[in-house]
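Below: one structure, written as structure tokens.
First listed ligand is number 1; within each ligand, the first listed atom is number 1. These numbers were taken from a predicted model, which means no experiment stands behind them. Count residues from 1 along the sequence.
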Amino acid sequence: MFSGLSHLACSTCDKTYGTEFRRQMCECGSPLFVQYDMDSLKREWTRDQLAERKQGMWRYHELLPVTHPDYMISMNEVMTPLMTLPNISKDMDVPLLLVKDESVLPTGTFKARGASVGISRAKQLGVKEIALATNGNAGAAWAAYAVRAGMKSLIAMPTSAPRVPYLETCYTGADVRLLEGTIAEAGIFVADYVLQTGAYEVSTFKEPYRLEGKKTIGFELAEQLSWKVPDVIVFPTGGGAGVVGIYKALVELQSLGWIEEGRFPKMVVIQAEGCAPLVRAYESGEKVSTYYENAETIAYGMRVPKSLADAHILSIIAKTEGIAYAVSDADIRKERQNIVRLDGFHACPEGAAALAGVRKLREIGFIKASERVVSINTGSGLKYVDQIDCAVQTAQEKI
Ligand SMILES: Cc1ncc(COP(=O)(O)O)c(C=O)c1O
Ligand SMILES: [Zn+2]
């Protein structure tokens, strides 16, 4: 069996749907999650079978929603490295710190995972045009994979989106629209566009399949750690597909019996102080977040004023005894520079935010020195070159 795809289930109510047609969200307005035939997979699929397979996210195709290899749109996604940052680790007193470096994926961010699976499934469903709202990186990834699949794409992003992902998206020939405001305003534009044109909307949580690609971060890190999950997973969070995807992966691995039943890492949601709807909800004990007015941060991928899956993310934090925690833009800048000055690694601001969060959470004792911590560097630092400030001197000035 190439895929154990079974049906779609609402993340909130008890409605279920078949997988044969294009679907966006549940009738109740909540995201739909893909379900698999776990009993059959448990009988037919073992961890040992992975040994002979090619590296990369498609090695877990039984738990991906594409039911025939002909529809796979892949650009040789690698299994991203789990690396140490020895000096940062020492500096923060987090000896068992690992960083999963997503910058080595096609288009330079973890967005490639969602785009590869999302576009593949859209192709299988006969989609000819996709549309999405993005802060930039998802646009660059989906536009590239859409080209591979022969699909048109409409990508809406804020006028303030970082320049590199914006140019990258335009260069693919995608129809790029810039809008004032945040990703929320871009989302309103896209919702209207799909109503008028019949394009398939693939914005975060507006269709069920992007999440399945994101989930593969969780499969990979479990496999890389010899099927022993870490104590803490730290994710720089905007829309939340990363956190929800990793958690879903761990639930699925538990039901296959590949990892220990009932033991989850503490899921840590890091946001920026200038856009922290989930942190505010977590701190006030709310089950959903409220729209974050005037959202602003240099960690652009995290500039999402309200996630469509906020209730689900908050419940994951509660179930895993995790935390939602905010860091300032000043902390992010400082940590980004620390990482490159101490360990020579160019993190993206979102990845630096996650590590700034690790530092603070260690200081307040939430993270213990004995704990295995995996922090996700979601993309390449080179996507945000204009944030790098160092005084450039000519040779003469130096003398
Ligand atoms: C580099 C980067 N990191 C983190 C995020 C946030 O990820 P998520 O929306 O899955 O929470 C994004 C989203 O745009 C991003 O581009
Ligand atoms: Zn529902």
4.5 Å side-chain heavy-atom contact, S103 and H346
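S103 does not reach H346 side chain to side chain.
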
Is the ring pair Y60/F219 parallel, tilted or perpendicular, if the boundaries are 30 and 60 degrees?
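Correct class here is tilted.
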
Residue and atom name of the nearest protein heavy atom (relative to [atom]), distance in Å to one decimal:
atom: atom 7 (O) of ligand 1; answer: F110 CZ, 3.3 Å
atom: atom 13 (C) of ligand 1; answer: K111 NZ, 2.7 Å
atom: atom 9 (O) of ligand 1; answer: G239 N, 2.9 Å
atom: atom 16 (O) of ligand 1; answer: N137 ND2, 2.8 Å
atom: atom 5 (C) of ligand 1; answer: G301 O, 3.7 Å
atom: atom 10 (O) of ligand 1; answer: G242 N, 2.9 Å

Nearest-option assignment for atom 4 (C) of ligand 1, heavy atoms, candidates G351, A140, P236:
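Among G351, A140, P236, the closest heavy atom to atom 4 (C) of ligand 1 belongs to P236.
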
Compute the minimum heavy-atom distance from [X] to ligand 1 and say whether it is under 4.0 Å.
X: K383; value: no
X: T237; value: yes
X: M302; value: no

Is a side-chain N or O of E220 found less than 3.5 angstrom from the main chain of G56, in a donor-acceptor match?
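Checked: no pair found.
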
On the ring face of Y209, is R121 found with NZ or CZ under 6.0 Å from the centre and within 45° of the axis?
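Yes, R121 and Y209 form such a contact.
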
Take atom CZ in R280; do more than 12 heavy atoms of anything else shown fall under 6.0 Å from it?
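Yes - once you tally the heavy atoms of other residues, nucleotides and ligands closer than 6.0 Å, there are more than 12.
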
Near the Zn ion (ligand 2), meaning under 2.8 Å, how many protein N/O/S atoms are there?
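For the Zn ion (ligand 2), the figure is 4.
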
Y71 vs F2, ring pair (Phe, Tyr, Trp, His ring centres under 6.0 Å): CA-CA, chis, key distance, verdict
CA-CA 12 Å; Y71 298 105; F2 189 73; 10.0 Å; no

With heavy-atom distances below 4.0 Å as the criterion, list the atoms of ligand 1 near T378.
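Once the distances to T378 are compared, the set is 1 (C), 2 (C), 3 (N), 4 (C).
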
N/O of G240 under 3.5 Å from N/O of ligand 1, yes or no?
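Between G240 and ligand 1 (N or O atoms, distance only) the closest approach is under 3.5 Å.
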
Less than 3.5 Å between some nitrogen or oxygen of T109 and one of ligand 1, yes or no?
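No, there is no polar N/O contact under 3.5 Å.
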
Is L221 reachable from V117 through a run of hydrophobic residues whose side-chain heavy atoms are each under 4.5 Å from the next?
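No, separate clusters.
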
